[in-house]
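Nothing fancy with the numbering, it's 1 onward along the sequence. Since this is a predicted model, take the numbers as computed values, not measurements.
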Amino acid sequence: MSRIPEEKIDEIRSAANIVSYVSRYVALKKTGRSFKGLCPFHKEKTPSFNVSPERRIFHCFGCGKAGDVFKFIMEMEKVSYPEAIRRVADDMGIQLPRYESPTDPARKSEYDRLYEINRKCKEYFCEQLYAAANRHAREYFKSRKLKQTTMNKFDVGYAPAGWEGLQHSKYIKKDDLETMAELGVIQKRDNKPGYYDRFRNRIIFPFHNLSGRIVGFGGRRLDEKDQPKYLNSPESKIYKKGEILYGLHQAVQAIREFGLVFLVEGYFDLLRLVDSKIENVVAGSGTALTEGQARLLKRYTDTVYIAYDSDDAGIKAALRNSEILENNDLRVQIVRLPDGHDPDTFILENSRKDFLDLVKKSISPIEFRLIRFRTEHPNASIEQKNAFIDELLQSLALISNEVRAGLYLHATAEHLEVPESMLIGQLNKLKRRGRYKNRFPAEEKETKAPVAFRRGQWKAEESILGLVLLGDAEIMNMILNSLSSAEFENDDTRIIFEQMLYYWEEHGTIDFQKVYNSLDSDEYKEMLARVSDQTIQNPTKFAADCIYQIRKFHLDSRFNELQKMLQAEQDSETSTMHYLQELTEIRQQISRIEEEHNKYLKIDL
């Protein structure tokens with residue numbers, strides 16, 4: 001396999017401004033000769049992520065992640081080592097050897113192929129929106145009164161009602177079909193050979209990652225009889241629903257410029273705000289916000305304005321999501337829309353100025369809850385008041401910013417006419433009991449599974465490290481095609497696994513000593529030494545067993561998390577449809593990995 005000469009790599013590395021690349025994802029502040037910010041690879045409240053322009057490296061003192069500009073791009077954009085080099089070379093205007101052309105299909109990594117398939121699908125959907133036969137789709141947008149420039153900015157398209165239009169389009173080749181099925185844009189037929197298009201008669205909204213590459217799609221029905229109302233791509237190696245916010249790629253610069261972000265529920269709410277020249281806006285696409293998405297917003301701003309629908313489901317979602325945001329030390333304000341309105345309908349019926357006037361009158365989540373309680377219970381009984389206070393204190397116990405929590409406590413005491421000292425005492429009792437830790441069980445690893453089962457999971461992850469050390473190409477391909485580091489439960493094994501993959505991508509082999517020396521923790525080195533001593537009788541079957549256990553645990557955890565979200569958001573029809581759809585997809589994924597694992601069991605027998 002042809003390689004980029006080392007001297008060329010050094011030239012590109014020297015030319016690149018690592019601070020500029022990292023700044024696309026992390027808000028950096030200059031401290032002496034270095035730059036500092038919150039680490040994008042793990043949750044932290046105090047910045048420990050450092051970038052040195054002199055040494056041209058980044059390093060997190062919290063999680064241990066470190067490397068050069070190529071490693072950073074690989075981690076953030078999920079691309080191979082050669083592809084990361086190419087991207088920097090293109091930016092720097094440095095020409096690579098001809099045989100390393102990024103258009104050479106033989107050189108594309110697995111991730112590149114997935115991104116390329118999504119790009120082809122996007123081209124098809126955008127073309128179909130303007131096809132003569134699909135005038136009704138254009139009329140729909142005309143009725144929504146959206147500007148063409150806004151639609152173009154977000155690559156909005158249309159999937160026709162036919163069953164095989166996408167796969168038979170000029171953009172798609174026969175050998176693309178299997179990858180398309182993996183990405184969920186087409187599906188295998190149950191009773192006969194072939195595939196059918198998953199998105200039919202739907203407006204298509206592509207989901208972009210932070211580098212602008214398309215990771216998945218959302219489809220909104222045109223016919224009100226079709227179910228569900230919204231249909232999203234299933235999760236894949238490049239699309240993790242809890243790690244993507246719709247519109248963030250387009251909004252990053254505006255968020256930094258204004259120092260705040262608007263969080264809305266739906267695609268059309270976002271498009272309406274952008275259409276009205278309010279570009280610092282992202283959408284959660286109808287599902288509950290995750291801790292990962294909150295941490296993602298924290299990279300770019302400290303202030304979030306929630307502008308959700310004014311119905312009961314929208315209010316409940318806004319309050320729940322405000323807790324998650326405040327727990328990640330973000331300042332939250334709630335924009336109160338008139339009854340029967342969402343941002344889209346309100347601006348359409350009124351104006352941009354009217355919406356911004358509502359923004360000026362926005363209030364904190366605690367004020368919103370207090371006003372709502374007094375409106376609903378003008379003559380609240382002692383029991384009602386006590387239950388409400390208990391609920392509020394549980395929320396306050398989550399807030400990491402003690403000054404903000406104190407101000408909220410004071411406002412609560414004033415509104416409800418109770419002694420502040422009593423509330424402080426009750427809050428301290430609540431914290432001591434640790435009840436607040438179970439408020440978001442889906443995001444807390446400590447509550448995910450029984451200890452014994454987690455130990456089995458961790459053992460499988462350590463065994464994968466030992467298998468990687470074998471350096472066997474067949475085993476490595478098996479692991480790389482089946483596992484991602486995001487599926488690891490143990491942070492330690494995940495960090496070592498990622499470091500090993502970095503060396504594999506860079507050198508095409510695994511050098512134990514180099515990997516060992518690259519680890520900056522004695523615990524990591526001890527673990528690597530331990531797994532290197534394991535004896536493996538049947539590496540292929542052993543790898544299949546470990547992969548199965550890791551993936552099964554990951555999917556089971558996600559399934560349980562979604563069930564809890566479904567219960568919490570059961571009043572929202574849109575959220576319910578999203579969760580039920582994803583639960584079905586996870587059941588299908590579990591069935592597939594069980595079938596794959598059974599093949600290895602039969603071979604062994």
*So how far is it from Tyr408 OH to Leu423 CG, rounded to the nearest 0.5 Å?*
15.5 Å
*Does any N or O in the side chain of Arg24 come within less than 3.5 Å of the main-chain N or O of Val252, such that one atom is a donor and the other an acceptor?*
no
*Using only heavy-atom distances, determine whether the side chains of Thr345 and Asp342 contain a donor-acceptor pair under 3.5 Å.*
yes
*Salt-bridge test for Asp357 and Lys353: reply yes if a basic N is under 4.0 Å from a carboxylate O, no otherwise.*
yes
*Is the CD atom of Glu376 crowded by more than 12 outside heavy atoms at less than 6.0 Å?*
yes
*Shortest non-hydrogen contact from Ala411 to Leu370?*
O-CD1, 3.9 Å
*Check ion pair Arg331-Glu326 (N to O, under 4.0 angstrom)*: no
*Geometric class of the Phe141/Phe268 ring pair [parallel <30°, tilted 30-60°, perpendicular >60°]*: tilted
*Got a donor-acceptor contact below 3.5 angstrom from the Asn386 side chain to the Ile382 backbone?*
no
*asked:* For the aromatic rings, using the six-membered ring if either is Trp, is the centroid distance between Phe72 and Tyr21 under 6.0 Å?
replied: no
*Salt bridge Asp312-Lys316, side-chain N to carboxylate O under 4.0 Å*: no
*Would Phe61 and His59 count as a close aromatic pair, with their ring centres under 6.0 Å?*
yes
*Heavy-atom donor-acceptor pair, Asn490 side chain to Asp492 backbone, under 3.5 Å*: yes
*Aromatic contact, Tyr246 with Tyr267 (centres under 6.0 Å)*: yes
_Taking every non-hydrogen atom, the tightest pair across Ile496 and Tyr524_ = CD1-O, 3.6 Å
*Check: Leu356 main-chain N/O paired with Lys360 side-chain donor or acceptor under 3.5 Å*: no
*Measure the CD1-NE2 distance between Ile586 and His554 for me, rounded to the nearest 0.5 Å.*
8.0 Å
*Please test Lys36 against Lys29 for side chain to side chain contact (heavy atoms under 4.5 Å, CB included), starting from the C-alpha separation and ending with a verdict.*
CA-CA 5 Å; Lys36 205 168 189 179; Lys29 292 184 179 179; 5.6 Å; no
*Atom OG in Ser34, atom CG in Asn50: separation rounded to 0.5 Å?*
6.0 Å
*Show the numbers, then the answer: is there a side-chain hydrogen bond (donor to acceptor under 3.5 Å, both in side chains) between Ser395 and Glu323?*
CA-CA 7 Å; Ser395 297; Glu323 290 186 14; 2.6 Å; yes
*Would you call the rings of Phe262 and Tyr305 parallel, tilted or perpendicular, where under 30° means parallel and over 60° means perpendicular?*
tilted
*Considering non-hydrogen atoms only, spot the tightest contact between Asn118 and Ile214 and give its length.*
ND2-O, 3.1 Å
*Flag side-chain contact, heavy atom, 4.5 Å: Ile306 against Gln333*: no
*Counting distance only, does the side-chain N/O of Arg494 pair as donor-acceptor with the main-chain N or O of Glu461 below 3.5 Å?*
no
*asked:* Using only atom types and a distance under 3.5 Å, with no angle test, would you say the side chain of Glu235 pairs donor to acceptor with the backbone of Lys241?
replied: yes
*asked:* Whether the side chain of Arg220 engages the backbone of Tyr230 through a donor-acceptor N/O pair (distance < 3.5 Å, no angle test) should be reported.
replied: no
*Hey, could you give me the CZ/CG distance between Arg320 and Leu289, rounded to the nearest 0.5 Å?*
8.0 Å
*asked:* Taking the basic N atoms (NZ, or NE/NH1/NH2) and the acidic carboxylate oxygens, is any pair closer than 4.0 Å for Asp344 and Arg272?
replied: yes
*Kindly say whether Gly242 contributes a backbone atom to a donor-acceptor pair with the side chain of Thr290 at under 3.5 angstrom?*
yes
*Test His208 against Asp155 for side-chain hydrogen bond (donor to acceptor under 3.5 Å, both in side chains), laying out the working first.*
CA-CA 10 Å; His208 299 81; Asp155 294 320; 3.0 Å; yes
*Can the ring centroids of Phe154 and Phe205 be said to lie less than 6.0 angstrom from one another?*
no
*Look only at the side chain of Asn328 and the backbone of Leu330, and say whether a donor-acceptor pair between them is shorter than 3.5 Å.*
no
*asked:* Looking only at the aromatic ring of each residue, does the gap between the centers of Phe217 and Phe207 stay below 6.0 angstrom?
replied: no
*Lys71 vs Phe58, side chain to side chain contact (heavy atoms under 4.5 Å, CB included): CA-CA, chis, key distance, verdict*: CA-CA 9 Å; Lys71 177 66 183 296; Phe58 70 88; 4.0 Å; yes
_How long is the straight-line distance from OG1 of Thr301 back to CG of Asn280, given to the nearest 0.5 Å?_
8.5 Å
*Would you please say whether a donor-acceptor pair under 3.5 Å links the side chains of Glu367 and Ser364?*
yes
*Shortest non-hydrogen contact between Glu243 and Leu296, atoms and distance*: O-CD2, 3.6 Å
_Within a 6.0 Å radius of atom CZ on Arg256, are there more than 12 heavy atoms belonging to other residues, nucleotides or ligands?_
yes
*Shortest non-hydrogen contact between Gln293 and Ile244, atoms and distance*: NE2-O, 2.8 Å
*Rounded distance (nearest 0.5 Å) linking atom CD of Glu44 with atom SG of Cys63*: 7.5 Å
*Does the side chain of Pro338 come within less than 4.5 Å of Leu358's, by heavy atoms?*
yes
_side-chain hydrogen bond (donor to acceptor under 3.5 Å, both in side chains) between Thr150 and Asp275, intermediate numbers included_ = CA-CA 6 Å; Thr150 302; Asp275 216 48; 2.5 Å; yes
*Yes or no on side-chain hydrogen bond (donor to acceptor under 3.5 Å, both in side chains) for Ser351 and Asp354, after CA distance, side-chain angles and deciding distance?*
CA-CA 5 Å; Ser351 68; Asp354 291 327; 3.0 Å; yes
*asked:* With no hydrogens and no angle check, just 3.5 Å: does a side-chain donor-acceptor pair link Asn321 and Tyr308?
replied: yes
*asked:* Give me the atom names and distance for the closest heavy-atom approach of Val264 to Pro343.
replied: CG1-CG, 4.1 Å
*Return yes if some donor-acceptor pair links the side-chain N/O of Ser310 with the main-chain N/O of His341 below 3.5 Å, else return no.*
yes
